[in-house]
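Each residue takes its place number in the sequence, starting with 1. All ligand and atom numbering here is 1-based and tracks the order in the structure.
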Amino acid sequence: MRVVFMDTLAVCIIFRGLWNVPFIANAYLVNATVLKRYNRRQLNFDKPNLDADMAFCSNLRELDVFMYVSNRVDYGHLINPDTYDVTRTEPDMYQIFDNAIDWEERYIHKEYPENFNPEKEPKQPCPDVYWFPIVSRKFTRALIHMMESFGKWSSGKNEDDRLEGGYEAVPTRDIHMTQVGWDKHWLHFLDKYVRPLQEKVFIGYSHESPRSLMNFVVRYRPDEQPLLRPHHDSSTYTINIALNEVGIDYQGGGCRFIRYNCSVVDTKIGWILIHPGRLTHYHEGLLVTNGTRYIMVSFVDP
Ligand SMILES: O=C(O)CCC(=O)C(=O)O
Ligand SMILES: [Fe+2]
């Protein structure tokens with residue numbers, strides 16, 4: 001039986017058609033008339049010494065129900081359920097490795113591929129600050145949801161026991177990716193989706209896999225931390241993704257690059273800012289006067 005089944009699978013990959021098979025696992029589409037024709041006792045999943053799927057197929061064979069695989073129509077594709085962890089907030093966000101196609105479809109900005117159109121100049125709102133669409137609204141909502149349901153925002157004080165040195169010179173109110181078990185996923189995101197953008201605009205700088213220990217979501221609020229004083233980041237380059245909407249979710253905010261007296265205040269949800277971290281790009285987070293502003297920040301290659 002197994003040999004027949006494997007042969008059928010091999011044929012399915014090459015041709016379109018419909019094949020009678022003795023066993024089907026993972027996906028069943030059952031015609032409702034079949035369900036009506038037999039009673040529950042006949043259409044059951046029980047048989048001594050057989051797993052439920054084997055038992056179900058065996059019962060169908062005994063009832064002469066014709067089982068088949070067909071690839072004449074694309075119905076979708078199976079996801080790999082092995083690592084789907086329903087105990088996580090936003091479990092789909094954790095599927096970047098195991099269900100990469102769905103992940104990209106759901107969470108990457110529809111205009112992301114356009115970033116690589118050679119006819120298009122990348123947006124540069126301030127000198128050497130580049131701006132690209134990168135993640136979908138679903139991503140921004142999911143990330144905020146992950147962080148808010150975790151809820152342990154830092155105190156905004158200099159002492160920070162999440163860091164190796166226990167001290168942060170210019171602290172934000174934030175939650176690190178490590179705290180929600182999403183750091184490996186995030187590093188993969190940096191490698192797969194951010195690195196190609198960085199290499200496009202900062203020519204000649206290339207690291208096989210971006211290194212980043214500081215990956216976090218920042219929350220600004222007038223009554224909590226409303227701004228961030230001028231500072232350098234300990235990074236070769238910094239990325240800063242807008243997770244919600246200025247003028248709707250909050251007023252004020254943005255990032256000012258002091259050397260150029262240039263601010264990005266009309267930030268766009270799901271868009272990433274990429275800028276050098278040190279020396280030339282001394283910068284500050286501007287005052288949020290109303291509402292809550294969320295951004296995702298990484299200090300890449302410290
Ligand atoms: O508010 C901003 O956009 C800047 C954030 C920032 O500079 C930082 O987190 O290091
Ligand atoms: Fe910064």
Side-chain angles (χ1 to χ4, degrees), residues 123-135 140 143-144 147 153-160 162-163 165 167-179 183 186 190 194 198 202 210-302:
K123 282 197 167 44
Q124 195 179 167
C126 298
D128 278 328
V129 177
Y130 291 94
W131 211 8
F132 300 102
I134 192 161
V135 292
T140 61
L143 191 52
I144 292 172
M147 293 317 187
W153 296 92
S154 61
S155 65
K157 302 218 167 74
N158 296 111
E159 292 69 34
D160 190 340
R162 296 170 303 175
L163 308 178
Y167 188 87
E168 169 57 61
V170 190
T172 41
R173 296 264 178 178
D174 55 44
I175 294 174
H176 287 200
M177 289 305 156
T178 46
Q179 293 178 277
D183 41 322
W186 178 254
L190 287 181
V194 176
Q198 174 271 300
F202 297 117
R211 280 189 313 115
S212 182
L213 300 169
M214 298 277 284
N215 310 296
F216 51 91
V217 171
V218 181
R219 181 169 85 175
Y220 291 107
R221 282 182 173 173
D223 60 350
E224 214 176 58
Q225 172 159 5
L227 55 78
L228 191 59
R229 70 172 169 79
H231 63 280
H232 287 111
D233 296 330
S234 60
S235 69
T236 301
Y237 65 94
T238 293
I239 66 160
N240 179 335
I241 303 178
L243 297 181
N244 62 349
E245 277 187 284
V246 62
I248 294 177
D249 301 309
Y250 63 91
Q251 316 291 329
C255 190
R256 185 168 95 94
F257 298 90
I258 292 148
R259 179 178 154 91
Y260 309 103
N261 188 22
C262 179
S263 303
V264 187
V265 289
D266 54 344
T267 51
K268 301 191 234 226
I269 187 167
W271 283 56
I272 185 173
L273 288 169
I274 306 183
H275 63 81
R278 298 196 183 86
L279 198 62
T280 50
H281 284 65
Y282 189 58
H283 59 282
E284 64 183 324
L286 297 171
L287 181 73
V288 171
T289 54
N290 199 7
T292 304
R293 174 180 180 229
Y294 294 99
I295 54 175
M296 164 77 222
V297 175
S298 272
F299 300 150
V300 185
D301 297 337

*Look at the side chain of Thr172 and the backbone N and O of Val218, then say whether any donor-acceptor pair between them is shorter than 3.5 Å.*
no
_His232 near the Fe ion (ligand 2): N/O/S under 2.8 Å_ = no
*Going by the angle between their ring planes, with limits at 30° and 60°, are Tyr294 and Trp153 parallel, tilted or perpendicular?*
tilted
*Nearest atoms (heavy-atom pairs only) where Pro171 meets Gly156*: CG-O, 3.1 Å
*asked:* Can you tell me how far apart CZ (Phe202) and CG (Asp128) are? Round to the nearest 0.5 Å.
replied: 5.0 Å
*Among all protein heavy atoms, pick the one closest to atom 1 (O) of ligand 1 and tell me residue, atom and distance.*
Tyr220 OH, 2.6 Å
_Atom indices of ligand 1, in the order listed, that fall short of 4.0 Å to a heavy atom of Asp233_ = 10 (O)
*Hey, what's the ring geometry for His283 with Phe257, parallel, tilted or perpendicular (30° and 60° as the breaks)?*
tilted
*Could you tell me which N, O or S atom of Asp233 is nearest to the Fe ion (ligand 2)?*
OD1
*Please could you name the atoms of ligand 1 that Ile295 approaches to less than 4.0 Å, counting only its heavy atoms?*
1 (O), 2 (C), 3 (O), 5 (C)
*Structural part of Asn240 in contact with ligand 1, heavy atom criterion under 4.0 angstrom*: side chain
_I'd like the name of whichever of His231, Arg229, Gln225 reaches closest to atom 10 (O) of ligand 1 through any heavy atom._
His231
_If I take atom CZ from residue Arg293 and atom CG from residue Asp249, how far apart are they, to the nearest 0.5 angstrom?_
12.0 Å
*Do you know the tightest heavy-atom contact between Val300 and Pro210?*
CG1-CB, 3.5 Å
_Could you identify the N, O or S atom of His231 positioned closest to the Fe ion (ligand 2)?_
NE2
_Gln225 side chain vs Arg173 backbone, donor-acceptor pair below 3.5 Å_ = yes
*Part of Leu228 with heavy atoms under 4.0 Å of ligand 1, whether side chain, backbone, both or neither*: side chain
*Under a 4.0 Å heavy-atom limit, does Leu286 contact ligand 1 with its side chain, its backbone, both, or neither?*
neither
*Would you say ligand 1 has an N or O under 3.5 Å from any N or O of His283?*
yes
*Output the list of atoms in ligand 1 that are nearer than 4.0 Å to some heavy atom of Phe299, sorted by atom number.*
10 (O)
*Just heavy atoms, cut-off under 4.0 Å: does Arg293 contact ligand 1 by side chain, backbone, both, or neither?*
side chain
*Could you label the plane-to-plane angle of the His281 and His275 rings as parallel, tilted or perpendicular, counting under 30° as parallel and over 60° as perpendicular?*
parallel
*Mark up the atoms of ligand 1 that fall under 4.0 Å of a heavy atom belonging to Gly285, in ascending order.*
1 (O), 2 (C)
